[in-house]
Every structure is written in C-alpha cells, then in structure tokens.
Amino acid sequence: MVFSLESGDQEAAFCIGDDIPALVTDRGGSIWTAYGDEGIYGGHPESAAGLAGWSPDGRATWAPEGRLPDAPLEGCTAATEGDRVWLIWYSGSRRGGTFLTRITPSTGEVTSWASPVRAPDGFAVRDHRAVLTKRVHNRRSTEVVRVAFDGDAWSVTERRRIRVPGRVVMRCGQGRDGHLWLRAGDTWLRIEA
C-alpha cells in the first residue's frame with residue numbers, strides 16, 4: 001500500500017511479490033526490491049528475478065535481465081545515492097557470494113561488485129566510501145564496517161563493534177544519500193558513510 005505523506009490516506013494498493021527482505025524508494029517514488037529465497041523460488045512471478053524495480057503505481061519497470069554476476073538467493077539491504085539505487089544481495093551458488101549492485105534508472109546502467117562483508121543488514125554509500133553493518137544476533141551491538149572504492153573493488157578500511165541503545169532490529173538498516181538509518185530497540189541511529 002502507498003500512503004500520502006501529507007494526509008496519511010491510502011493512495012494505491014498493488015502486489016510486488018512475496019518475501020521481500022529489502023525495499024527502498026528512490027527520489028521519484030519508484031520502489032526497488034530484493035527478494036528472499038521463498039519469494040524467488042515460491043512461484044510468485046513478481047519475485048522470481050530476485051531483484052526488481054516498480055513505478056509508484058505498481059508497474060514493473062526494471063529487471064536484472066542477465067546483468068548480474070550470479071542468480072540472487074536472498075536480499076540483504078538497500079540504499080539510495082542521488083538518482084542511483086543500490087541493492088545488496090547474495091547468491092546461493094558455489095561461485096557466488098554477496099554483491100553490491102548499483103542501478104542508475106535514468107540510463108539503465110547496472111554494475112555489481114563483490115561485497116567485502118558477507119550478508120550485511122545495513123548499507124549506505126557516498127561517492128567512493130560506504131558503511132555496512134552486520135547485526136550481532138540477539139545482542140545490543142552491531143558491527144560497523146567502513147569501506148572504500150579504489151576504482152575496481154571495495155575494501156575494508158575500518159571494522160568495529162558498537163553498543164547500541166536496544167537490540168538491532170533485523171531488516172531495519174537502510175541507506176539514504178550517504179546516511180545509514182539503523183533501528184535499535186525504539187531508537188533510530190544515523191551512521192554517516
């Protein structure tokens with residue numbers, strides 16, 4: 001369902017698939033999704049490609065169409081950076097791993113890199129640097145990993161565990177223009193990339 005920011009009224013309702021662990025909207029209101037294995041292999045046609053883009057009224061606007069390094073098995077997190085969208089996911093094949101996929105909707109360009117962090121639950125990016133988080137299950141801490149892009153690959157520049165005000169909520173880390181918003185208990189934390 002899509003709700004108005006001004007009135008709170010429902011503006012639209014549509015189906016974009018099953019098992020969506022990562023969802024983000026871009027500046028234009030388009031919806032970007034990374035699906036889980038039950039969605040991808042569960043027979044729902046909207047989820048089968050693993051990653052997808054949708055118009056604000058629920059029309060399919062983007063699909064990977066063979067432009068990924070492997071077939072997605074599980075979405076991890078998502079972020080926006082200006083007019084670009086990032087979907088973070090991992091594959092289930094032996095040669096696979098976790099990938100950072102950048103999509104530029106205006107040009108259709110899709111680029112993927114190997115992630116220096118396996119299955120992160122939060123991601124934000126600004127220019128050539130990013131921050132990823134990895135939740136420590138059932139604890140009041142999270143691992144914060146800072147990475148930099150050297151033109152070819154993303155490399156870890158700093159890794160540390162931080163204590164947070166409450167348990168980190170699974171699937172509640174999303175990046176917006178260089179800031180990672182991470183939910184911990186009843187608090188939202190902002191971590192700059």
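In this text, all values refer to a predicted model and were calculated from it rather than measured experimentally.
Applying the side chain to side chain donor-acceptor pair (under 3.5 Å) rule to pairs touching residues 42-51 yields His44-Glu46, sequence neighbours excluded. Screening residues 64-82 for salt bridge (charged side-chain N to carboxylate O under 4.0 Å, His left out), with sequence neighbours left out, gives Glu65-Arg67, Asp70-Arg95, Glu74-Arg171.
Qualifying salt bridge (Lys or Arg N to Asp or Glu O under 4.0 Å) partners for Asp57, counting only residues two or more places apart in sequence or in other chains: Arg59. For Arg161, the salt bridge (Lys or Arg N to Asp or Glu O under 4.0 Å) criterion is met by no residue, not counting sequence neighbours. Here Arg163 pairs with Arg140 under the side-chain contact (heavy atoms from CB on, under 4.5 Å) rule; sequence neighbours left out. For Arg126, the salt bridge (Lys or Arg N to Asp or Glu O under 4.0 Å) partners are Glu192, not counting sequence neighbours. Residues passing the ring-ring contact (aromatic ring centres under 6.0 Å, His included) test with Tyr90: none are found, sequence neighbours excluded. In this view, Glu109 and Arg102 satisfy the salt bridge (Lys or Arg N to Asp or Glu O under 4.0 Å) rule, not counting sequence neighbours. Take Trp54 and apply the ring-ring contact (aromatic ring centres under 6.0 Å, His included) test, not counting sequence neighbours, and it matches no residue. Considering only residues two or more places apart in sequence or on other chains, Phe3 meets the ring-ring contact (aromatic ring centres under 6.0 Å, His included) condition with none of them.
Counting all heavy atoms, side chain and backbone alike, Val85 lies closest to Pro105 at CG2-CG, 4.5 Å.
Side-chain heavy atoms closer than 4.5 Å link hydrophobic residues (I, L, V, M, F, W, Y) into clusters, and following such links, even through other members, never connects Trp62 to Phe14. Taking hydrophobic clusters as Ile, Leu, Val, Met, Phe, Trp and Tyr residues chained together by side-chain heavy-atom distances below 4.5 Å, Ile40 shares a cluster with Leu23.
Connectivity analysis of hydrophobic side chains (ILVMFWY, heavy atoms under 4.5 Å, direct or indirect) links Trp188 to Trp181. Through chains of ILVMFWY side-chain contacts below 4.5 Å, Val125 is grouped with Trp86, Ile88, Leu100, Trp113, Val117, Phe123, Leu132, Val145, Val147, Phe149, Trp154, Val156.
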